[in-house]
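Since the structure comes first, as structure tokens, the remarks are kept for the end.
First the proteins, then the strands, lettered A, B, ... as listed; each starts at 1.
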Amino acid sequence: MKPIMLHGHERSITQIKYNLEGDLIFTCAKDSQPNVWYSINGERLGSYRGHNGAVWCIDVNWDTTQVLSGSADNTCRLWDCETGKELANLETRTAVRSCGFSYSGRTLMYTTDKTMGQPCEIHIYDVRDSTQVSNLSPAMVIPSESSKITAAIWGPYEEYIITGHENGEICQFDAKTGEKLITVKEHNKPINDIQASKNMSMVISASKDFSAKLFDTATLRHMKTYKTDRPVNSAAISPVMDHVVLGGGQEAMDVTTTSTRIGKFDAKFFHLVFEEEFGRVKGHFGPINSVAFHPDGKSYSSGGEDGYVRVHTFDPEYFDFRFEY
Amino acid sequence: MAADKGDQGSRKSKRSESSVENHIIGSDEEEEEPDFSDPEDFVDDIKEEELLGDLLKQRPKETDGIDNVVVVDNVPVVGPDRVPKLQNVIKKIFEKFGKIVTEHYPMEDGKTKGYIFLEYTSPIHAQEAVLNTNGYKLDKTHTFAVNLLSDFDKYENVPDEWEPPAPKPYHDVGNLRYWLLDPDCIDQYSVIYESGEKTAIMQNCIYLNSVREPVVIEERPRWTETYVRWSPRGNYLATFHQKGIALWGGERFDQIMRYSHPGVQLIDFSPCERYLVTFSPLPEKSEEPQAIIIWDLRTGHKKRGFHCETTTQATWPIFKWSQDGEFFARHTTDTLSVYETSTFRLLENKSLRISAIKDFSWCPSDNIIAYWVPEQENVPARVTLIQIPSRKEICVRNLFNVADCRMHWQKNGDYLCVKVDRYSKAKKMEDKDALKYSGIYYNFELFRIREKQIPVDKVECKENVLAFAWEPNGHKFAYIHGESPRISVSFYNIRPGGKVEQMKVLERRSANHLFWSPMGQFVVLAGLRNMNGVLEFVDSADMTVMAQTEHFMATDVEWDPTGRYVATGVSWWGHKVDNAYWIWSFQGRLLSKQPMERFCQLLWRPRPPSVLTPDEIKEIKKNLKKYSQRFEAQDRLRQSTVSTELIQKRRQLIEEYEKFKSEREEEFHLFKPRRLALRNGIDTDDLGNRADEEYEEEIVEFLLKVEETLIDDE
């Protein structure tokens, strides 16, 4: 499988996402322009221009009409997916670390950094209520007292938000009341990424502590651990196979002290149930910052510190491979 | 009031009390001026002790000076004519410890009685004299017995009846060698990780043909404050603490002994595991030397303390042990001091005077010391082998133009190699006494210890020598030489006749260390630290390179004691990322990678020497085929059990997971209406999956460009 290289960013990729149909890939990087690409051939469809800083996170709603991006320029912006027009500019006091549309796309949330004396908060807006957006009065503000939120996604059916924290905790916050429902601490280093399975029954967390862990979404019961020898920056669950993919690598500051030959920047495939690594995909020459499966599970993409997004299509053997049991 | 003893005293005190009472009553009744003068018939019967008892107590007593006096027995009996000579000798010996105030030589029939009394100015000096001269051997027939005079009281009071001392309750530490009973001869190793927070003893469960995770036998947080050490035969594990050393052993790794030595930094075991040497750099507080302490390992008694003269030596171990633990030795600038463990005194009470001795080492199999002295005043440098305790020189080798020497013994003591750094020019440095050498080249002087008169061979090397090592049980040696990047490794063999032949030179290697397997034959060439951890496994029997590989940034290489495995590690002490240890087979096949958070140190547990005789070993080697069949069968069995176990485990996991999955699927179906409601009644559940089936092919035609080409009408 020869990967398609998407080279449109000037700086390291921070997040990549497919839309529901999987025909488009949305990418954001430390340069200020999120991009959208055709997943089938890697052609760039367009950019969303307006941010003045590194864009940390991106999301697209289910019917691919709106795009949400959060940036270090202290804004979270809502875009018209097709035209690239800025629909709303949600100003914040600190950098936006993660953002997401709810299942229906009617509400959106983003989390802010704990810097410059400002607390880390989750903000929830109702997109349908234009006064909320124009007056910057979110429907809900949930402060996170304990530790900074480094990753966040909506739970199923818009009931709660699952957050990963700098201290390794994973929490559920009720989206209506702001109450902290569950806290688990299975990681001991920052959580870099949280992604849900296709039916949202499970979530996978990627942490700097060299491991990714699988949780039951509803109860946050720890189910599986995938161990590597590198910080894990991103992890995704295959929608069709019992597989997970982990991307990561040594931080840029340590790269010169490690060997490139050993392939520390590989994307690693684990069996979801057996926690065993069965494959690696190399290619990036820097740590992988984000991985995502195509919704049909036949390809996946990875975005790295090297500024490239690589779209890999699986060989037929990948689907034939079976663990003996 | 002084408390008096005896009946008389108590009577007196009663009387005095009553007199006081009387006086008080008198004062109450009549208020006229008291008359202090004694009545005429008054007899002063109050003793001085009563009035000044407390002062009298401080009055000097006859016995007060006793503490300063020592009694020396076994002094030679001499006539009056030789007394002054004797006095001189005695003074010389005893004035080292302080000024002698008086000396007394009792005489009988014109001869001295064989014992003398010496008085010092203070009891401290006397005590020191006793400590240092008791047992002093003046000559063959006279060994001093020195005691404090005040001790005579103590010894007089010793009861005549001997009472057997209560036997110390036997403390059963279990079988210290239980790990050798393992049917598969599995080796153990200690691992320190989390930057020293945690120490674990692991069991290596890696077989050459089936790999399993190592089993943790014991893990304790903060077991040691710095690092750990195994005793040379593997029975004990020593841990370092601020207050001293603790030894652990047995199946549960219970504490066996503690040795209190504040600030201890370095330790060394005697090869027989009977003594432990500890070193602490803390300034010594008391008079007693305690920079270096030698302990009896089993009883925990301090055998002797030593000062540490840091100026002469900087390399540990300062004390080097003979192979049987009978002797230990150290050297200072001009002496070589050999001590006996039977008395913990200098062998024959004398150090060997060897002017400018630079270094020495014990033969690992016999009580032979090899030492070398540098060139001085037209006397060439020389390497000398002496026998202990006879001090007989058995071999002397003169060498010229020597800059430095390094001695390497082969493990069996069959050979000694002295690596001689020689120079072609020497220049005196202007400011210092030190010489600056130029044109350095190298020589290996090979001593064949087992042969008559110890013949010496020479191998020359023009290049810089980075490392040298003997094959532990064999006749080969190898060294690394050259300058980076042109580094070569040379292998030599010593033929039975004594011919030294070059076997092979491996050129252009990146290696700075070489490690022979403890069983010989196999060598690991390693480029540690700045050479990025390049590893090469060489079989020296036919000089084939079995594997060329790498453990990136490896800092350590450790052969297991059986020579079956090699562990390489990236220690947190040397490199901050990728801390892990990897285990390889002796052929260089990577068996297992064990990443560990801030891994620091891995040490294999040593094994005691084999109890088999050389003949028995030969016999086993002869019948190796028979044994290997059995072990191969075992390996196959193990492999199949591993795979069946694995499959069983997988099956169980998948069952659990399927159960969970079906529960969630069911829920998912139940909530379908909710999903529909949220997305305006559009069913998106299968959208992604169906994506390619629903492709509608659409043909869009558009004009690319128009080109006009003229075609000739020809």
For [X], which atoms come within 4.5 Å of any heavy atom of chain A: side chain, backbone, both, or neither?
X         : answer
Ala677(B) : backbone
Asn680(B) : both
Lys661(B) : side chain
Glu667(B) : neither

Thr65(A) versus Asn61(A), side-chain donor and acceptor atoms under 3.5 Å: yes
Any side-chain donor-acceptor pair under 3.5 Å between Asn530(B) and Asn532(B)? no
Step through the shown structure and confirm whether more than 12 heavy atoms of other residues, nucleotides or ligands are within 6.0 Å of NZ on Lys17(A). yes
When you look at CZ of Arg486(B), are more than 12 heavy atoms from neighbouring residues, nucleotides or ligands closer to it than 6.0 Å? no
Indicate the ring-plane relationship of His222(A) and Phe215(A), choosing parallel, tilted or perpendicular according to the 30° and 60° boundaries. tilted
Region of [X] that comes under 4.5 Å of a non-hydrogen atom in chain B:
X         : answer
Lys227(A) : neither
Asp209(A) : neither
Glu158(A) : side chain
Met200(A) : neither

One should read off an interatomic distance between Trp154(A) CH2 and Ile194(A) CD1, to the nearest 0.5 angstrom, of 14.5 Å
Between Phe278(A) and Phe270(A), is the ring centre distance below 6.0 Å? no
What residue in Asp63(A), Leu272(A), Thr217(A) has the most heavy-atom pairs under 4.5 Å with chain B? Leu272(A)
